[in-house]
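The first residue in the sequence is number 1, and the count goes up from there. Bear in mind that the values here come from a model prediction, so they are computed numbers and not experimental data.
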Amino acid sequence: MASRTASKDVITLKGSAAIVSEFFEESFVKVKKYGLPMLLTQNEEVKSYIASITSQLSEWLDAGKLQRIVLVIMSKATSEVLERWNFSIETDAEVVEKGVIREKSDKEIMREIQAIMRQIASSITYLPCFDEQCVFDVLAYTDTDVAVPFTWIESDAKLIKNPQMVKLHSFDTKANSQGGYNGFLQG
(Lines give C-alpha, C1' and ligand atoms only; values in the text may rest on other atoms or scores of the structure.)
Protein backbone atom coordinates (compact mmCIF):
# COMPACT_ATOMS: atom_id res chain seq x y z
CA MET A 1 0.00 0.00 0.00
CA ALA A 2 1.42 3.39 -1.00
CA SER A 3 1.61 6.19 1.51
CA ARG A 4 2.28 9.90 1.27
CA THR A 5 4.82 11.77 3.35
CA ALA A 6 4.51 15.49 3.95
CA SER A 7 7.66 17.57 3.76
CA LYS A 8 8.37 21.24 4.35
CA ASP A 9 11.17 21.15 1.75
CA VAL A 10 8.88 20.49 -1.21
CA ILE A 11 8.38 23.25 -3.76
CA THR A 12 5.18 22.85 -5.69
CA LEU A 13 5.18 23.20 -9.45
CA LYS A 14 3.08 26.34 -9.07
CA GLY A 15 5.59 27.76 -6.58
CA SER A 16 8.54 26.80 -8.81
CA ALA A 17 7.01 28.48 -11.83
CA ALA A 18 6.38 31.64 -9.84
CA ILE A 19 10.00 31.73 -8.60
CA VAL A 20 11.39 31.14 -12.09
CA SER A 21 9.07 33.73 -13.65
CA GLU A 22 10.00 36.31 -11.02
CA PHE A 23 13.70 35.68 -11.60
CA PHE A 24 13.43 36.12 -15.38
CA GLU A 25 11.12 39.14 -15.15
CA GLU A 26 13.50 40.92 -12.76
CA SER A 27 16.76 39.86 -14.39
CA PHE A 28 16.08 39.79 -18.13
CA VAL A 29 14.10 41.47 -20.87
CA LYS A 30 12.87 39.51 -23.87
CA VAL A 31 13.88 41.02 -27.21
CA LYS A 32 14.17 39.89 -30.79
CA LYS A 33 17.75 39.86 -32.10
CA TYR A 34 18.96 38.29 -35.33
CA GLY A 35 15.33 37.35 -35.97
CA LEU A 36 15.28 35.18 -32.83
CA PRO A 37 13.79 35.70 -29.35
CA MET A 38 16.53 36.34 -26.78
CA LEU A 39 16.80 37.24 -23.12
CA LEU A 40 19.04 40.21 -22.34
CA THR A 41 20.20 41.12 -18.88
CA GLN A 42 18.72 44.13 -17.13
CA ASN A 43 21.59 44.27 -14.63
CA GLU A 44 23.32 47.61 -15.26
CA GLU A 45 26.72 46.42 -13.98
CA VAL A 46 26.70 43.42 -16.32
CA LYS A 47 25.51 45.59 -19.22
CA SER A 48 28.31 48.10 -18.57
CA TYR A 49 30.92 45.32 -18.33
CA ILE A 50 29.76 43.73 -21.59
CA ALA A 51 29.63 47.12 -23.35
CA SER A 52 33.25 47.85 -22.40
CA ILE A 53 34.36 44.42 -23.59
CA THR A 54 32.50 44.59 -26.90
CA SER A 55 33.79 48.10 -27.54
CA GLN A 56 37.40 46.92 -27.23
CA LEU A 57 36.76 43.71 -29.18
CA SER A 58 35.20 45.76 -32.01
CA GLU A 59 38.25 48.00 -32.15
CA TRP A 60 40.60 45.00 -32.43
CA LEU A 61 38.29 43.28 -34.93
CA ASP A 62 38.09 46.36 -37.18
CA ALA A 63 41.90 46.57 -37.15
CA GLY A 64 42.19 42.86 -38.02
CA LYS A 65 44.06 42.18 -34.78
CA LEU A 66 41.63 39.79 -33.04
CA GLN A 67 42.29 36.06 -33.48
CA ARG A 68 39.97 34.44 -30.95
CA ILE A 69 37.39 35.21 -28.28
CA VAL A 70 36.78 32.74 -25.44
CA LEU A 71 33.86 32.90 -23.02
CA VAL A 72 34.73 31.00 -19.84
CA ILE A 73 32.17 29.92 -17.23
CA MET A 74 33.72 29.06 -13.87
CA SER A 75 32.70 27.99 -10.39
CA LYS A 76 32.49 31.10 -8.21
CA ALA A 77 33.72 29.16 -5.17
CA THR A 78 36.66 27.26 -6.72
CA SER A 79 37.37 29.04 -10.05
CA GLU A 80 37.21 25.64 -11.75
CA VAL A 81 36.46 26.08 -15.46
CA LEU A 82 33.13 24.42 -16.21
CA GLU A 83 32.53 25.58 -19.79
CA ARG A 84 34.76 27.18 -22.39
CA TRP A 85 33.17 28.66 -25.50
CA ASN A 86 35.88 29.24 -28.11
CA PHE A 87 35.28 31.45 -31.17
CA SER A 88 38.16 31.59 -33.66
CA ILE A 89 38.31 34.58 -35.99
CA GLU A 90 40.04 34.79 -39.34
CA THR A 91 40.35 38.24 -40.86
CA ASP A 92 40.59 38.86 -44.58
CA ALA A 93 43.78 40.96 -44.69
CA GLU A 94 42.89 42.48 -48.06
CA VAL A 95 39.65 43.88 -46.65
CA VAL A 96 41.37 45.43 -43.62
CA GLU A 97 44.59 46.62 -45.25
CA LYS A 98 43.54 47.49 -48.81
CA GLY A 99 39.82 48.19 -48.41
CA VAL A 100 38.85 45.41 -50.83
CA ILE A 101 35.08 44.89 -50.78
CA ARG A 102 33.77 41.34 -50.63
CA GLU A 103 30.30 40.54 -51.90
CA LYS A 104 28.02 38.95 -49.33
CA SER A 105 24.52 40.00 -48.46
CA ASP A 106 23.56 41.06 -44.95
CA LYS A 107 20.69 38.56 -45.20
CA GLU A 108 23.13 35.71 -45.80
CA ILE A 109 25.34 36.82 -42.88
CA MET A 110 22.23 37.09 -40.66
CA ARG A 111 21.15 33.56 -41.60
CA GLU A 112 24.58 32.19 -40.61
CA ILE A 113 24.51 34.05 -37.27
CA GLN A 114 20.99 32.72 -36.63
CA ALA A 115 22.22 29.15 -37.16
CA ILE A 116 24.93 29.65 -34.53
CA MET A 117 22.51 31.29 -32.08
CA ARG A 118 20.06 28.40 -32.50
CA GLN A 119 22.85 25.90 -31.90
CA ILE A 120 23.97 27.73 -28.75
CA ALA A 121 20.36 27.90 -27.48
CA SER A 122 19.85 24.20 -28.15
CA SER A 123 23.02 23.31 -26.22
CA ILE A 124 21.02 23.21 -22.99
CA THR A 125 19.92 19.74 -24.06
CA TYR A 126 23.41 18.28 -23.56
CA LEU A 127 25.26 20.65 -21.23
CA PRO A 128 25.41 19.64 -17.57
CA CYS A 129 23.37 21.64 -15.06
CA PHE A 130 25.54 23.19 -12.35
CA ASP A 131 24.36 23.29 -8.74
CA GLU A 132 26.68 26.14 -7.80
CA GLN A 133 27.06 29.83 -8.42
CA CYS A 134 29.06 30.61 -11.54
CA VAL A 135 30.93 33.59 -12.92
CA PHE A 136 32.12 34.30 -16.43
CA ASP A 137 35.19 35.82 -18.01
CA VAL A 138 36.06 36.81 -21.57
CA LEU A 139 39.50 36.07 -23.00
CA ALA A 140 40.72 37.84 -26.13
CA TYR A 141 43.56 36.45 -28.22
CA THR A 142 45.12 39.23 -30.30
CA ASP A 143 48.16 39.82 -32.45
CA THR A 144 51.28 40.37 -30.36
CA ASP A 145 51.73 43.98 -31.49
CA VAL A 146 48.39 45.11 -30.02
CA ALA A 147 48.32 47.67 -27.22
CA VAL A 148 46.27 46.21 -24.39
CA PRO A 149 44.25 48.64 -22.21
CA PHE A 150 45.12 48.69 -18.50
CA THR A 151 41.62 47.36 -17.70
CA TRP A 152 42.54 44.05 -19.38
CA ILE A 153 44.92 41.66 -17.64
CA GLU A 154 47.02 38.71 -18.76
CA SER A 155 45.40 35.38 -18.01
CA ASP A 156 46.09 31.71 -18.34
CA ALA A 157 44.10 29.91 -21.05
CA LYS A 158 41.54 28.63 -18.51
CA LEU A 159 41.46 25.17 -20.08
CA ILE A 160 39.28 22.25 -19.02
CA LYS A 161 40.96 18.93 -18.29
CA ASN A 162 39.52 16.19 -20.53
CA PRO A 163 36.60 18.27 -21.86
CA GLN A 164 33.68 17.05 -23.90
CA MET A 165 33.80 19.02 -27.17
CA VAL A 166 31.03 20.18 -29.50
CA LYS A 167 31.81 21.97 -32.78
CA LEU A 168 29.69 25.02 -33.52
CA HIS A 169 28.51 26.28 -36.90
CA SER A 170 30.61 28.97 -38.51
CA PHE A 171 29.83 32.17 -40.36
CA ASP A 172 31.66 34.79 -42.29
CA THR A 173 31.07 38.43 -42.99
CA LYS A 174 32.61 40.50 -45.74
CA ALA A 175 35.81 40.85 -43.71
CA ASN A 176 35.96 38.06 -41.08
CA SER A 177 35.08 34.43 -40.67
CA GLN A 178 34.27 32.84 -37.35
CA GLY A 179 34.20 29.22 -36.27
CA GLY A 180 33.90 27.83 -32.80
CA TYR A 181 33.50 25.02 -30.39
CA ASN A 182 32.28 24.48 -26.86
CA GLY A 183 34.26 22.54 -24.30
CA PHE A 184 32.58 21.51 -21.06
CA LEU A 185 32.96 19.24 -18.07
CA GLN A 186 30.82 16.13 -18.25
CA GLY A 187 28.33 16.33 -15.38
Side-chain angles (χ1 to χ4, degrees), residues 20 23-24 26-31 33-34 36 38-91 112-173 176-187:
V20 170
F23 169 76
F24 280 102
E26 290 177 2
S27 302
F28 300 95
V29 62
K30 190 174 184 177
V31 298
K33 290 271 192 185
Y34 311 108
L36 301 169
M38 306 231 173
L39 295 173
L40 298 181
T41 184
Q42 294 191 79
N43 182 302
E44 291 302 323
E45 290 177 60
V46 173
K47 286 166 64 172
S48 176
Y49 175 70
I50 291 172
S52 70
I53 289 172
T54 55
S55 173
Q56 183 59 62
L57 294 176
S58 292
E59 186 179 314
W60 288 331
L61 190 60
D62 289 344
K65 301 292 185 178
L66 188 60
Q67 299 169 2
R68 184 179 343 160
I69 301 168
V70 179
L71 172 67
V72 181
I73 300 174
M74 302 171 288
S75 164
K76 185 175 183 179
T78 66
S79 296
E80 178 183 21
V81 178
L82 304 172
E83 290 182 31
R84 190 174 190 275
W85 294 80
N86 183 73
F87 301 93
S88 297
I89 298 166
E90 294 179 22
T91 302
E112 292 174 355
I113 292 172
Q114 286 173 338
I116 293 172
M117 298 307 290
R118 283 188 185 100
Q119 187 178 18
I120 290 171
S122 69
S123 68
I124 62 167
T125 60
Y126 62 81
L127 289 174
C129 186
F130 302 116
D131 294 329
E132 59 188 300
Q133 286 191 330
C134 296
V135 295
F136 72 94
D137 199 2
V138 176
L139 310 178
Y141 291 77
T142 63
D143 292 353
T144 55
D145 63 344
V146 169
V148 179
F150 74 94
T151 55
W152 290 68
I153 59 171
E154 285 287 323
S155 170
D156 64 272
K158 301 200 183 297
L159 299 173
I160 299 173
K161 294 177 186 172
N162 302 314
Q164 297 292 314
M165 302 296 283
V166 175
K167 185 166 176 29
L168 300 174
H169 291 286
S170 62
F171 77 93
D172 62 271
T173 65
N176 303 290
S177 62
Q178 179 277 322
Y181 60 88
N182 172 287
F184 60 95
L185 282 176
Q186 186 61 41

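- Between Val138 and Trp152, the shortest heavy-atom distance links the atoms O-CZ3, 4.3 Å.
- Between atom OG1 of residue Thr144 and atom CD of residue Gln67 there is a gap of 8.0 Å, rounded to the nearest 0.5 Å.
- With Met74 as reference, Lys158 is the one residue of Glu132, Glu80, Lys158, Glu83 to meet the side-chain contact (heavy atoms from CB on, under 4.5 Å) rule.
- Closest non-hydrogen pair, Leu66 versus Thr91, comes out as O-OG1, 4.2 Å.
- Note: Thr54 OG1 to Glu59 CD = 12.0 Å, rounded to the nearest 0.5 Å.
- Around the NZ atom of Lys33, the shell of radius 6.0 Å holds no more than 12 heavy atoms that belong to other residues, nucleotides or ligands.
- The two residues Val148 and Trp60 make their nearest non-hydrogen contact at CA-CZ2, 4.4 Å.
- The heavy-atom pair separating Gln42 from Phe28 by the smallest distance is NE2-O, 2.9 Å.
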Exercise for the section: Given side chain to side chain contact (heavy atoms under 4.5 Å, CB included), test Met38 with Met117 step by step and report yes or no. Expected result: CA-CA 9 Å; Met38 306 231 173; Met117 298 307 290; 3.1 Å; yes

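- Side chain of Arg118 to backbone of Leu36: no donor-acceptor contact under 3.5 angstrom is found.
- Here Thr151 contributes atom OG1 and Tyr49 contributes atom OH; the two are 9.5 Å apart, rounded to the nearest 0.5 Å.
- Atom-to-atom distance recorded for Leu57:CG and Asp62:CG is 11.0 Å, nearest 0.5 angstrom.
- Closest approach of Arg68 and Val70 over heavy atoms only: CD-CG2, 3.8 Å.
- Nearest heavy-atom pair, Pro149 versus Gln56, reported as atom, atom and distance to 0.1 Å: CG-OE1, 3.1 Å.
- The structure places CG of Leu61 at 5.5 Å from CD1 of Ile89, a figure rounded to the nearest 0.5 Å.
- Between the CD1 atom in Ile73 and the CH2 atom in Trp85 there is a gap of 7.5 Å [rounded to 0.5 Å].
- For the pair Ser55 (side chain) and Ser52 (backbone), a donor-acceptor distance under 3.5 Å is absent.
- Within 6.0 Å of the CG atom in Asp131, the count of heavy atoms belonging to other residues, nucleotides or ligands does not exceed 12.
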